[in-house]
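Given the structure is predicted, the values throughout are model-derived calculations rather than measurements. All chains are named by letter (A, B, ...) in the order of the sequence lines, taking the proteins before the strands, and each is independently numbered beginning at 1.
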Amino acid sequence: MSYLTKSPWILHYDASSCNGCDIEVLAALTPVYDVERFGIINTGNPKHADIFLVTGSVNEQNREILKNTYDQIPNPKVVIAVGICASSGGIFRECYNVMGGIDKVIPVDVWVPGCAARPESIIDGVVKALGILEEKRKAMKIPAGDTA
Amino acid sequence: MIPEPWAAIVNAVIYLLLAPVVGGLIAGIDRRITARMQGRVGPPLLQPFYDVGKLFEKENLVVTTTQNFYVLSYLVFMAVSGALFFSGGDMLLVIFAFTLSHIFLVLGAYAAFSPYSHVGAERELIQIIAYEPMIIITAAGMYMVTKSFYVSDIVQSAVPIVLYLPGVFIGYLIVLTIKLRKSPFDLSTSHHAHQELVKGVTTDFAGPNLAKIEIAHWYEYVFLLGVVYLFFGFNPLLAIAAIIIAYFLEILIDNTTSRVKWQMTLRSAWLVAGTLGIINLGVLYYLRMVIVP
Ligand code: SF4
């Protein structure tokens, strides 16, 4: 196992969530769940992040910001869509300004279901993401041009 | 007395090899105790090493390539100042190298374009201005007691330095809070999760560059605690106990205070240097020159 899976730093971005999912994300940091046990840190800086955790659907106003933030995270990185809104747009899907799930703008690796997603399923999603992160790291080692 | 060349080189090499290990362990213990104080379990003891290992596995994303140069210089000068200290070198030279290394960090943060990085760099400069007088007073105080600026002489002196310099010692502990980037003085960057400046001075460093900054911090921890040792050089056991108690106090202060503004940081650091430090030196001078000439 590489160090990457032992020290995943998370960047949490609220696209246009109702704040339900955000509260659950922050609940994972409280003493009850204490994700720092697994080396997980909630950083506010894309340049320090490994996992991009997005809540809420993407809309016309923040698509640029979402894309820009994603681009600022150094490789290897994974994206987790937390909650139904981030996955598909949820109950806001039909709104005139909503584009839908965040996968309309950035590639998503893990979808966490729920409205709101429970802290347990968010932590479960992060653990799944660690496996994908490890695969991406291995793929990064393959020199450019070698498609194997 | 000039330090014996071979022993000095051996000590410097031992410092260069072991200080990152010791510093990383201190950081790990720090994070565990902090978590316990907050009612959490906390990360594994070796978490800081996992973090740095991880950062080296990441892509080195930079805004401009000069950042690489500045970060490397920060690390190298930090290691050099610690090595000079542990090889028994001149205290003043150590302080110059130490300050220079921080200047490189500030330049690195200024080289990036983000406003967070710039404000972080400004605050780092303010912190340097805040703690520098007290650090110089510490060196001057040790000179007044032992008649030498060489660390090798100071550490061998049988004089209980801390009894002559109680004010300087307390002043040093207060600026240590600034140096260890602990609350209430963690202005430029903080170990705690979110803050108003994203990550301040380290905002624009990613992957391997951030790892180098982290390793430089480990070197710095060992050097700063080494200065605490000097105050108790007459009794090594007492010195180690003092280091442990001092560090525990720093963690306690970190977890029970909230961040202050930069004006307050500057004022309190200078007030401490100006009262505790200068009065201590003045009394010492008076005793030496007037009472016992
Ligand atoms: S999934 Fe539900 S709780 Fe989460 S942001 Fe959407 S509406 Fe709110």
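- Taking chain A as the reference chain and counting heavy-atom pairs below 4.5 Å, the highest number among B:Val41, B:Leu210, B:Asp51 is found for B:Asp51.
- Proximity to chain A is limited to the side chain of B:Gln47, based on heavy atoms less than 4.5 angstrom apart.
- Within a 6.0 Å sphere centred on CD of B:Gln263, heavy atoms belonging to other residues, nucleotides or ligands number more than 12.
- Taking the centre and axis of the six-membered ring of A:Trp9, the NZ or CZ atom of B:Lys54 falls inside the cone set by 45° and 6.0 Å.
- More than 12 heavy atoms of other residues, nucleotides or ligands shown are found within 6.0 angstrom of NZ on A:Lys136.
- Interatomic distance, B:Asp204 CG to A:Lys47 NZ, rounded to the nearest 0.5 Å: 3.5 Å.
- Closest approach of A:Tyr3 and B:Tyr50 over heavy atoms only: CB-O, 3.6 Å.
- In terms of heavy-atom proximity, A:Asn75 sits nearest to B:Glu59 at N-OE1, 2.6 Å.
- With a 4.5 angstrom heavy-atom cutoff, B:Phe56 does not touch chain A via any of its atoms.
- The candidate with the highest count of non-hydrogen atom pairs below 4.5 Å against chain A, out of B:Leu55, B:Val52, B:Thr202, is B:Thr202.
- Residue A:Gln61 qualifies as open at atom CD: its count of foreign heavy atoms under 6.0 Å is 12 or below.
- Annotation: B:Met264, atom CE; neighbour count of heavy atoms from other residues, nucleotides and ligands within 6.0 Å does not exceed 12.
- Residue B:Val63 touches chain A through its side chain alone, counting heavy-atom pairs closer than 4.5 Å.
- When each of B:Arg31, B:Gln38, B:Arg32 is paired with A:Glu36, the side-chain contact (heavy atoms from CB on, under 4.5 Å) condition holds for B:Arg31 and for no other.
- For the set A:Arg37, A:Lys77, A:Gln72, the entry with the most heavy-atom pairs within less than 4.5 Å of chain B is A:Arg37.
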